[in-house]
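Side-chain atoms are counted along with the backbone in the values below, which use heavy atoms only and exclude waters and symmetry mates. Remember, predicted model here, so these are calculated numbers, not experimental data.
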Amino acid sequence: MRFAVIQALVTLTTLKWVILAAIAGVIVGIPTAVFLLLLDGGIAVVYELPHFYLLIPVGLVGSYFLVSRLAPDAKGHGTEQVIDAIHRRDGNIVLRVIPVKMLATLVTLILGGSAGKEGPSAQIGAGVASGFAGLVGMTKLDKQRFVLCGISAGFSGVFGTPIAGAIFASEVLAIGRFHYNRLLPALIASFVSVFITRNLGVRHLSFDVDYGASGEMSMLLGMVIFGLAIGLLAVVFITVLRQSERLFGRMRLPGSVKALLGGAVLIAVVLATQTTNYIGLGMEIIDLALDGEPYRGIAPFFKMLTTAVTLSAGGSGGILTPIFFIGATAGNLWAQLLELDIAVYSAIGMVSFVAATANTPIAAAFMAIELFGLATGTWAAIAAAVAYLIVGHLSVFPSQIIFHKKTFFMDLEMHDVPLRFSKAGIKRMFSAFFHGYRQERDEPAPPRGISVAESEKVRIDELVKPRAPGRSYYPLSTVPHVPDETAYGQQGGTVVRPGERDIKESIEKLREYVDAASRVCVLTGAGISAECGLPTFRDARTGYWARFDPTQLATPEAFRENPARTWCWYAARRLALQTVEPGEGHRALARLENYVDRVTVVTQNVDGLHSRAGSSRVLDLHGNLLQVRCMKGCRTFHRDEAGPEARDIFTADAAAAFAANHAEEAGDFEHVEVPTCPACGAFLRPDVVWFGEMLPADRLNQAFADTERCDLFLVIGTSAQVQPAASLPVVALEQGVPVVEINPNATPLTEQVTLSIRAAAGEILSSVV
Ligand code: APR
């Protein structure tokens with residue numbers, strides 16, 4: 001029965017998404033086709049005009065006015081805006097972005113600006129999808145998936161590569177993460193969009209040159225070296241983009257004048273090179289390179305310049321077509337220099353440059369297969385994978401989340417080798433590498449989810465059933481620890497919130513502090529994880545200590561008295577952790593690392609969400625919920641450690657959680673066996689700090705050291721009731737460092753800190769970084 005119900009619902013859900021995705025393919029395919037046909041038509045007319053390039057400034061000024069006056073969200077290259085909307089605004093895209101993006105891109109490209117046509121199509125597509133999702137009242141989750149269909153349909157509608165389009169959409173949101181749940185909708189939307197655009201007369205990319213890529217193993221080494229070169233070229237391009245944005249951003253000039261200036265630079269490039277090949281889309285040069293015609297070596301760098309200037313000076317367009325141009329001409333140059341097959345290396349250069357700059361190696365490999373055939377596609381996969389690693393954590397899409405760090409950074413983090421550029425720091429990094437990190441701390445592999453075997457052991461509905469609020473093991477009366485409801489400024493449970501203007505001013509103030517800072521120290525508490533669905537400790541209704549008695553669960557005495565009860569409670573929390581993802585507050589703190597020299601996150605939380613969000617320097621003061629250790633201290637086990645011992649310890653978590661959720665009496669735990677240490681036979685206990693226990697000295701000392709050396713201190717989501725963590729902000733205040741508190745409720749620190757913002761962590765932090 002259970003199997004039949006599940007199968008029926010899974011099938012219905014799949015069919016629902018096939019239908020929705022097909023709709024997305026249609027409603028995105030049509031405007032994409034209109035946009036592309038208008039673009040081709042306009043270019044065909046304007047480029048026939050003598051000295052048409054003198055119109056570039058007009059295009060950039062026109063685009064600037066359209067975007068700045070009508071839809072600022074249409075700024076820059078489209079895909080970036082969509083990624084940002086999915087990560088930070090649940091996929092909400094303002095509808096007027098659609099026509100404005102279309103018009104601004106048409107005037108930019110038709111009048112000679114150097115940019116691409118796929119970004120705008122993806123943004124137009126995502127905008128249409130977002131509007132439709134709003135119209136039919138989709139949930140947040142469904143809307144994010146549907147908007148993602150907009151990216152894949154827009155991408156495929158332009159290039160005619162449905163698989164690559166779908167994979168690109170599922171891969172581009174986060175580095176190191178592939179959204180399998182979104183693959184089918186993205187695929188269907190892509191195929192339908194290709195069908196629609198093709199039948200409406202759009203000419204997709206197609207190359208009829210036989211790419212007889214050699215099968216020699218020497219090709220393997222050739223691809224690795226070529227991938228390395230392409231990865232380094234990607235670093236150059238992204239740096240040029242950033243520097244150009246910074247340069248134009250710092251100019252104290254009206255936007256229209258910046259646009260004129262940008263136009264002048266592009267005209268200068270045309271006059272200096274005596275060709276218009278580096279402006280506009282540049283499709284003829286891409287075709288020429290892929291046809292195996294040798295082309296001027298300098299091309300990639302001129303295209304970098306014209307594209308960076310176009311997009312920084314107010315022009316509107318995508319970034320992928322210029323990326324194709326740069327990659328293909330770089331491959332062309334490489335083949336000329338090494339007397340290799342020009343067509344093959346142009347093709348592989350094109351897609352592996354996408355893999356590096358957009359962090360989408362899988363989509364790049366599939367694009368190579370779809371456009372150039374299997375032989376070239378398979379080799380391209382190698383060059384793409386190498387280029388993807390070499391570019392590190394750089395990207396043409398700054399809103400991309402670093403979900404899983406790339407190899408080098410992961411190795412540093414897992415072996416606790418700091419990324420420091422002092423003489424000693426550099427020496428340490430190289431020595432750690434050349435010793436294979438064997439001399440460094442050896443951490444277990446990153447956490448994994450529940451295995452299929454474990455999920456089959458646990459009744460499916462128990463995995464998703466929400467707990468009835470207010471239920472607990474023991475009558476509250478025995479718990480002397482229930483917090484006073486008014487302590488946090490809650491009147492009858494409603495949070496008191498100042499006027500929007502105050503919040504705006506506070507955010508502005510906080511931005512100033514961040515801009516002025518280079519080393520930030522952050523203390524976080526349960527409040528920052530509350531936004532992910534995890535309870536805090538002292539909330540009067542939902543807090544752990546309002547529902548459970550800490551003296552019976554979180555003290556060494558409680559464990560000695562009834563180890564099974566404590567073990568089951570922590571097992572239930574471990575299981576609950578598997579269903580949550582880092583929240584906006586966590587992700588914003590991770591992003592903050594891109595803005596200042598160093599961010600130290602000192603957390604009282606044991607959920608590991610800061611590390612999962614990508615923060616590279618996290619001090620877990622109160623331990624780690626996913627780890628247990630022997631009472632005698634001889635062994636520690638992490639839930640995601642490989643090996644039979646750890647597996648045996650955590651396999652029973654589901655059953656223990658079940659006991660915790662259904663126990664009525666203290667005696668109800670007698671049947672639960674608390675695992676013991678395989679080495680000494682002592683009980684294993686959660687590796688967290690209980691009341692009355694000492695904190696790990698090394699982390700605490702580091703926390704105080706970093707606090708003493710920081711120039712901005714943030715206190716986020718903690719009631720500041722528990723020592724010694726609550727002293728850290730005071731130490732910072734004593735150093736004369738600005739201390740900013742973010743908490744919807746007042747705390748004992750509120751009167752002392754430099755700025756206290758009464759709002760939720762995610763909302764404030766995401767407005768600052
Ligand atoms: N954003 C910011 N702050 C929030 C949010 C939010 N979205 N939601 C709630 N808060 C605030 C609450 O107002 C409260 O002040 O988070 C704080 C949570 O306080 P606690 O429940 O006490 O949690 P915490 O400060 O982390 O507890 C410290 O106590 O029980 C021990 O070891 C446990 O680490 C824990 C320590």
Going through the checks in order, is the side chain to side chain donor-acceptor pair (under 3.5 Å) test met by S616 and E593? CA-CA 8 Å; S616 60; E593 293 183 13; 2.9 Å; yes
Check step by step if side chain to side chain donor-acceptor pair (under 3.5 Å) holds for K303 and S114. CA-CA 8 Å; K303 190 64 182 176; S114 168; 2.9 Å; yes
Could you check whether atom [atom1] of [X] has more than 12 heavy atoms from other residues, nucleotides or ligands sitting under 6.0 Å from it?
X    : atom1 : value
K75  : NZ    : no
R177 : CZ    : yes
F366 : CZ    : no
Y47  : OH    : yes

Between [X] (side chain) and [Y] (backbone), is there a donor-acceptor pair under 3.5 Å?
X    : Y    : value
S63  : G314 : yes
N332 : E293 : yes
K143 : A133 : no
Q123 : Q81  : no
Q336 : I342 : no

Kindly indicate whether the side chain of [X], heavy atoms from C-beta on, has any atom under 4.5 Å from the side chain of [Y].
X    : Y    : answer
M367 : F168 : no
F372 : I348 : no
I167 : F178 : yes
T321 : E118 : yes
I196 : I30  : yes
K101 : T105 : yes
L148 : L173 : yes
V240 : F301 : no

Could you go step by step and tell me if L320 and K117 meet the side chain to side chain contact (heavy atoms under 4.5 Å, CB included) rule? CA-CA 8 Å; L320 281 182; K117 51 185 174 180; over 6 Å; no
Shortest non-hydrogen contact from [X] to [Y]?
X    : Y    : answer
C149 : A24  : CB-CB, 3.7 Å
G157 : S193 : CA-OG, 3.5 Å
A335 : Y345 : CB-CB, 3.8 Å
I93  : G127 : CG2-CA, 3.8 Å
I43  : L109 : CG1-O, 4.4 Å
G91  : Q144 : N-CG, 4.4 Å

Go through T108 and S316 one step at a time and tell me if the side chain to side chain donor-acceptor pair (under 3.5 Å) criterion holds. CA-CA 6 Å; T108 302; S316 171; 5.1 Å; no
Can we call the ring centroids of F353 and F325 under 6.0 Å apart?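 No, the ring of F353 stays outside the 6.0 Å limit from the ring of F325, centre to centre.
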When the aromatic ring centroids of F191 and F195 are compared, is their separation below 6.0 Å?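 Aromatic pair excluded; centres sit 6.0 Å or further apart.
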Between [X] and [Y], how do the two ring planes meet: parallel, tilted or perpendicular, split at 30° and 60°?
X    : Y    : value
F433 : Y437 : perpendicular
F302 : Y278 : parallel
F146 : W17  : tilted

Return yes if a side-chain donor-acceptor contact under 3.5 Å exists between H586 and S615, otherwise no.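 Not at all, the side chains of H586 and S615 share no donor-acceptor pair under 3.5 Å.
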Determine whether T79 and I319 satisfy the following criterion, side chain to side chain contact (heavy atoms under 4.5 Å, CB included), listing intermediate values before the conclusion. CA-CA 8 Å; T79 311; I319 192 90; 5.9 Å; no
Could you walk me through whether Q400 and N359 pass the side chain to side chain donor-acceptor pair (under 3.5 Å) check? CA-CA 9 Å; Q400 258 178 346; N359 289 299; 3.0 Å; yes
Identify whether the distance between the nearest side-chain nitrogen and carboxylate oxygen of R591 and E584 falls below 4.0 Å.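 E584 and R591: salt-bridged.
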Is there a side chain to side chain contact (heavy atoms under 4.5 Å, CB included) between V158 and F35 once you walk through the steps? CA-CA 10 Å; V158 170; F35 166 66; 5.8 Å; no
Please identify each residue that fulfils side chain to side chain donor-acceptor pair (under 3.5 Å) with S399, with sequence neighbours left out.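 Counting only residues at least two positions away or on another chain, S399 forms a side chain to side chain donor-acceptor pair (under 3.5 Å) with E80, D84.
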T239/V235 under side chain to side chain contact (heavy atoms under 4.5 Å, CB included): CA gap, chis, key distance, verdict: CA-CA 6 Å; T239 312; V235 172; 4.1 Å; yes
